[in-house]
Structure formats: C-alpha cells, structure tokens
Amino acid sequence: MAYTSSLRILAFVVLSAFFSGLADVQARDAPAQGVVQQQGPQLDDLKQQAKAIADQLQQPASSDETLVNFRLQLDGLSKRLLDTSDTLRHRLAEINRRMEQLGAVPSSDTSAEPAIVTEERSRLSAEKAEINAVLGDTEDTSLLVKQMFAKVSNLRRELFTGTLSQRVDLDSALGSRVVTAARDQFAELGAILGSWWRFVITFKLNSFLAATFFAFAAALIIQRGARRVLGPLYKRDSAIEAPPYLSRLSVAFWSTAIPSGAVGAFFATTYFFFSYFNILRPDIADLLRSLFIVLGIVFFISRLAFACISPYMPAWRLVPIAPRPGHFLVWLIIAIALVNGADSFFGEINRVLTAPLSLTMAKSLILTLVVSLLILIVAFLKPVEKEDGGVRPWSHVFRAFLVLLGLLPIMAALLGFIGLARFISQQIVVTGAFLVVMYLGLLTGRAISEEQAFASSPVGRMMRERFHCDEATLDQLGLIVGIFINFAVALIGIPLVLMQFGFQWAELKNSFYHLLTGFQIGSISISLMGLLTGLALFVIGYLLTRWFQNWLDSNVMARGRVDAGVRNSIRTVIGYVGLVLAALVAVSAAGFNLSSLALIAGGLSLGIGFGLQNIVQNFVSGLILLAERPFRVGDWIEAGGVSGIVKKISVRATEVETFQKQSIVVPNSSLINGNVGNWTLRNKLGRIDINVQTGYTEDPRRVHMLLMEIIRSHPSILKNPEPFVAFQNMTDSLLVFDIYAFVADITATGGIKNELRFQIVERFHAENIHLASSSTTLVLDAREIEKLPEPPEKESAPSAKARRVE
C-alpha cells in the first residue's frame, strides 16, 4: 500500500514538472510564433519588386547598363528571399521537433491526454500549415527570380550579338545627310557648352575656381609625392650604359603604371570636385567623364610606348628597336590611341545629343578605317635594329599578325558590319595595351622573385645599407614582392580587360563582393575575405607566440637563473601551444566549422592507425621527454651507440651533436624505449680513469706513490671524493695501475687527462721509471740486457717465433 502511494506521488510530480516545463517553453517561444506575421509583409514587398522588374523586362532592352542594373536588383532579391526561406525553415524545424516530443495523437482505446498537450499540438499544426503556405510563395518567387536571371543573361547576349552582327548599308551611312547631321550636331554641341559656360560664369564661378584649385593642388601633391617616394622605381639613369634586364623591366612597368595612376587620380579628383560643387549638368557630366576616360587611356598608351621602346635612351629599351624608327613608331602608336579615343568620345557625344544612326555609323566607319591603316603602316615599318647598326623589318610571323589585325576591321567595315569593326579596333588598341602592361607586370614579378634578383636591385641595396638585411632575408622579401606584384596585376588588369568585352563595372564590383564575402561550393561556403582574415590572424598569432617566447626566455627565465634545459622545454611547449591556438583561431575566422572536420579527423585517425604509428609514437615520446626531462639541452648523453651533446629537443626527434661536430637526429621513441646514459643529469661531477703500465722490474710502491703525488697536485682534481690509484694487475711482463680521480666538469676531461698523461711521462722519465705498453714486448734497461744469455748461432724459424711469443 505504501509502495503504491509512493508511485502515485512520483507520477504526479513528474507530470506536474512536464506540464509546467511545457508551459514555460510555450511562454518562452511565444514571440517566435509570430514569424509568419513578421516575414509576410517582407515577402509581399519582394513579390511586388519581382513583378515590377518582370514588367520592365517585357520592354525592349535599350542598353547593357540597364540590364546589368536589373541583374543587380535580382541578385539582391534572391538574397532576401533566401534569408526569408532560412528563417521560415528554421522555425519549421523547431515545430517538427516539438511535435515529435509531444508524440502521436492517442487512439480511442487509450487514455485521453491532457488538454494542454492537445492544444499545443493543434497550435503547432496550424502554424506549420501557415509556414508551409508562405514557404510555397517564397519558392515561387525565387523561381521567378531565377527565370528573370536567365532572361537578363539572354537579353544581354542578344544585345551584344546584335550590336556586332548588325549590317549597315554603306550608301546610307556615307550619304549627303551625314554631313548635314554632323554640322548640326557640332552646332548643338557648341550651344550646349556655351550655355553651360555662361551658367558657370554667372552663378558658379567661385565654385568652379575652387574646384579647379583643389584639383590642381591634389594633382601637384600626387605628382610630387610619387616623384619623391617612388621616383627610384621608374627613373632612368643615363649614366648606366648597360642596365640589367630586371631594372629595365621594372622601370618600364612602373614608369607606365605610376604616372598613369597619378593622371587618373587627377581626373577623378577634378570630376569629384566639379560634382561636389554642383557645377556639372547631367549632359556635361557625361561628356566630361567620357573625355577624362579617353585622355587617361591615351596617356596610358603613350607612356607604355615610350617605356617599352625608349627612343631617347636606347639602353633602357625592352625591345630592340632602333632609335630613329623608334620615334616614328611611338608617335604612330599614340596616333592610333588618339583616333580610337576620338571614336569613343564622339560616340558619347552622339549618345548625349541623340544623333541619327547614320552619323554614328559614319563616324565609326571613318575612324575605324584610320586605325586599321595606321596598324598596317606599323606592320610595314623597318624598326628592328640589327647587330651591325642597321635596321630590318619585323619578323615574318609578327608582320603577318599585324597585317591580320589591320585587315580584319577593314574587311568587317566594308562588308557593312561597322559595329564589329569598331569593336575589333577598340580591342586591338585598348585591350592590347592592358595586356602588354599586365605581361610586363608578370615578367617583373617573376624576375624579382629569382634568387639574388631583389638584392641586386636599387631597393634591395638600399635595404641592405640602411637596415643591414642579409641575402636570405632579401631573397624572401623578393619572393613576397613578386607575389604581391602578380596579385596586383591580376586584381587591376583582369577587370579592365573584362570591361572592354562588355562587362559593366557594377557587375564586376558585385562579383568581387561575392568573392570576398563568400560563395558556395556544394555545401561548403568559402569566403576570400575570411581566408585572408584567417591567414592574417595566424601570422599575428605566430608573431605573438615568438615574441612571448623570447620575452619569457630573456626577461623572466634568464633573470631567474632557470636551467637551460628547463628554458628550452618551456619555450618548445609554449611554441606548440601558440601555433595550435593560432591555427584554431585562423580556421574559425576563415569560416570553417570545426565540427565539420569530424570526417577528416576520422580519416586521419585511420591513417594514424595504419601508416603514422611511428610519427605519433615519436610525438608522444617527445611530449614525455619535455615533461619528465630525463635529459636537457646541453647534457652529455649516450644512447644507441650515439654519444654527444643534446642541442635541441622537439616533439618528433632530438638533435645530438657528437664530439666530431656531427649532428645526429635521434627519434624520441628510441630514447624512451631504450637505455640512455646521461653524464650530466643532476650535476657535471664525473670520474676520469687513466691506465698506466710499467715493467715488472719496477718498484710498485714507488710507482704508486708517484702517481698519487701527480694526481693530487693537479688543480682540477677534486679533493673530495679523494683520488685513488689501484694496483690493478701484475703479469710476467707488466705492472698495471688504474688512476681514479673526480673532476667538477666531466665535459672538460679531455684536457685534464692530456695534462695528467704529460705529467706522468715527464715524472717517470725524471725518476728513471720505464713505462710499458700492453704488448708483450719488454722495455728493459742495460743491466737486464747484459744478464740475458747469448742466443745460439743457428736457430730454426719456429723456435725463434716461439721465443718472441714468450
């Protein structure tokens, strides 16, 4: 009876706790149940935006820039729809887990469940239905966005293809109406510029002067700063008769990149200040922006031509072009760039003034033909310098390539494909210039990364003189500089080339943002910014670890007179702990989930079980050695036939330097599993043993006394423990004595034993005591020799040999 009552009480307590916990969970999650009400209005707004873009896409596409803007808007919609879907699915997963905890609906033949459980199940089921409905709308909208993505891509492709493949009747393009349209357009352009200038003079003169002053001031600061800081990178020294290839390459690259960047910064600053002071109208702003871009590209190409050909300083040229035709070639290249830039600028004027199509086509046709003719003139030049000082034409392959480049736009234009001809000529001039500079940059990065290349450069010599950098450090810096140059060339050059093939800046910027912030490969999200952040944190952690090691060793343990072995063990452990922590922080910052590495850890464990047993064994043995410290750095050990001084203890192996200065790397497992003799484990006190042998005719007590005097008089021999001389053995021919003496430093016994042996020999000679070797040959004095009997006159060889043996 008491047992049944106890069970009832226990059941009541459990049910009370369960229902109270359920009520707490319900109260705690009440705000989360409004997820449908929170996401519903946002979803409606996204659906309206998607419908508006879909309606706009039904209209004919006017420009590629408009389509790119649509694509960017669709990209933002896709991200917001994905966030909404993730929020709903997260709430749906919570509901499913709770319904699993509540269990299935009880059947009719079982006892009824509490009302609070039934209400909770009903509420969750209703919310689940609402979330599923909203999820359906979200997926439908996402599908619509994906379809519009594909439509935008198709429209851009069709627009690009239509521009290149559109055929124009040359008669209509070059008719009499073109001249009239051109005259009217120039008149309209003059009227627009005149009205704008009158507006500036009347209302914005002070702002115009201030903007101009700030632009010139910024240009002057950039120019002077670049010349002062970066001048050695692109300055040609006329005193150098034969500059090395790396110097010529570096000067060509930087003399193109740095001034072009300064000019671009000046144009950008000018345009910014004019816009900031509200000086520009929309039409004038478009024209000014186009003019600045054209002037910047022309300046860039001119700098590139002078840098590569260098007609005024032939010693710095990159290509073997003779100086006289080199001048003409440079101006031909600049003329090609000017004509191509004029085509782009006049095209912008036609767009702003809504010129007729015939005028636009006539302009493109004439200027494209001029560019092609200039390229053909370049092809038939004779600019290459021969060894005897003469000139010769281009190589047959390069000349054929130039002729093909010049004829392609002409053939396309004469067939009526003026858009294609204009596109080809622009790619030849602008894209070709960008590719040449990128090639120069890559060659510079590769050349400066070679061994001893950076050390021989002006910057390397300056760093050696000012910072006392050694050759190895300069080589490493050269490798880093080469990698940085390649990265900068790719980061700047690839977008510029892609923009020439129809990609818009907004699209490239968005793609680069995706690359930095993260992109999906399967189920893994990779972020370039995260990887760079993780790498930076690892480098910072490594540097902090090394700094803390050095600080602790030199400022704490050295002042505390800590043993060298203890210091080495602490430094090693801190180093490995710091590296592990830096690696964990870097991996986490890079965006990798450590829990997702369980599969890799399992595979690694399997590999350890089969192929990495020795490595793990040595690793664990190294940790044991660092913890127990049976020997330390600086100890004299003997293990496995190896005898020497311990130089380094790592987690895999121990470095031992023998007395022949040979470094031997001993695996830690052999030091743990085998016998190791340590001469200096607790102190450096040690015993030296010297064996002395004399003839059997000497007085052993006299020899013993002399040896004791010699040992006791030596200053390096300790008085306690007292040295000892043992009369070890006597034979028919030898008296054997062993000297046992203790010294304070066992590592210095070589010199002590040498000195003792010298003193023993000198003292024994002075006392007329003869030393004997370990062989049976006797060293006898003259008196003993006289006592020997005379040998027989003839004796056989065997008997003579037997006597020698005796």
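If you're wondering where the values come from, they're calculated on a predicted model, not measured in any experiment.
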Considering all heavy atoms of both residues, which atom of [X] and which atom of [Y] are nearest to each other, and what is their separation?
X	Y	value
A490	P495	O-CD, 3.8 Å
L280	S275	CD1-OG, 3.9 Å
P311	P323	O-CB, 3.8 Å
A379	V403	CB-CG2, 3.9 Å
A305	V330	O-CG2, 4.1 Å
L369	A413	CD2-CB, 4.3 Å

Checking side chain to side chain contact (heavy atoms under 4.5 Å, CB included) against I309, which of L304, L318, I333 comes through?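 Single pass found, and it is I333.
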If you draw a 6.0 Å radius around CZ in R446, do more than 12 non-hydrogen atoms from other residues or ligands fall strictly inside?
no
Short side-chain to backbone donor-acceptor contact, [X] and [Y], under 3.5 Å:
X	Y	result
R248	R317	yes
R303	S255	yes
W196	I279	yes
S290	D286	no
W394	V378	yes
S195	I192	yes
S85	L81	no

Check step by step if side chain to side chain contact (heavy atoms under 4.5 Å, CB included) holds for F214 and T269.
CA-CA 8 Å; F214 286 131; T269 306; 6.0 Å; no
Of D343, N340, T368, the one forming a side chain to side chain donor-acceptor pair (under 3.5 Å) with R422 is D343
I want to check something: taking the side chain as every heavy atom from C-beta on, are [X] and [Y] in contact at a cut-off of under 4.5 Å?
X	Y	value
I424	L405	no
K204	F277	no
V263	F300	no
F216	T212	yes
F380	P393	no
I301	I334	no

With under 30° as parallel and over 60° as perpendicular, where do the rings of [X] and [Y] fit, or are they tilted in between?
X	Y	result
F199	F203	tilted
F292	F267	parallel
F186	F346	perpendicular

Evaluate M438 against I494 for side chain to side chain contact (heavy atoms under 4.5 Å, CB included), listing each step before the verdict. CA-CA 9 Å; M438 290 177 64; I494 292 178; 4.1 Å; yes
Kindly compute the distance separating [atom1] ([X]) from [atom2] ([Y]), expressed to the nearest 0.5 Å.
X	Y	atom1	atom2	value
L367	S425	CG	OG	9.0 Å
S207	F273	OG	CZ	12.5 Å
L491	N486	CG	CG	12.5 Å
L373	L407	CG	CG	9.5 Å
C308	W316	SG	CH2	14.5 Å
Q185	L353	CD	CG	5.0 Å

From CA spacing to verdict: side chain to side chain contact (heavy atoms under 4.5 Å, CB included), I428, I336: CA-CA 10 Å; I428 291 173; I336 292 173; over 6 Å; no
Side chain to side chain contact (heavy atoms under 4.5 Å, CB included) evaluation trace for I284 with V352:
CA-CA 9 Å; I284 300 298; V352 172; over 6 Å; no
